[in-house]
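The structure appears below as structure tokens.
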Amino acid sequence: MCYFEQTRWNCGYWKWGNFRQQCNKEYRTGETCGLKLVYDTSYQPGQCKICDQITKKDRRVRKMCEDIQRWQREGNRRATIEKTQQDITDINVQISDLWRSHQEKQRSIA
Ligand SMILES: [Zn+2]
């Protein structure tokens with residue numbers, strides 16, 4: 001068991017940081033035994049990179065929905081609307097993938 005720094009964000013996501021201290025099971029200099037323990041947790045204000053990506057994609061989807069509504073009022077934009085609806089579907093798939101990896105990380109201890 002070797003000790004590592006850990007970073008934790010407000011949203012619950014976390015990651016390992018620098019290696020801090022070797023345990024007595026490991027004698028090779030600079031090597032770690034593979035079992036990670038938390039040496040110290042630094043808390044980051046705000047949300048993690050995954051949440052940032054989700055927020056950005058979410059904003060894009062909302063913008064595209066507004067565009068579609070506008071185009072529907074204007075008429076004659078059928079092809080553009082269909083294309084944008086497809087884009088929205090694609091981005092929503094990406095968002096749910098990101099969420100899944102975020103939640104898996106939150107649930108896992110190491
Ligand atoms: Zn997050």
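Both counts, for ligands and for their atoms, begin at 1 and track the order of listing. Just so it is clear, the model here is predicted, and its values are computed rather than measured.
Scanning for ring-ring contact (aromatic ring centres under 6.0 Å, His included) contacts around Trp99 gives His102, with sequence neighbours left out. For Asp97, the side-chain contact (heavy atoms from CB on, under 4.5 Å) partners are Val93, Arg100, not counting sequence neighbours. Remark: Leu37 pairs with Met1, Tyr3 by the side-chain contact (heavy atoms from CB on, under 4.5 Å) rule, at least two apart or across chains.
Within 6.0 Å of CZ in Arg70 there are more than 12 heavy atoms belonging to other residues, nucleotides or ligands.
Listed by chain and number, the protein N, O or S atoms at a distance under 2.8 Å from the Zn ion (ligand 1) are Cys11 SG, Cys48 SG, Cys51 SG, His102 NE2.
Between Trp16 and Trp14, the ring planes lie perpendicular to each other; the angle is over 60°, past the 30° to 60° tilted range.
You'll find the ring centres of Phe4 and Phe19 inside the 6.0 Å limit.
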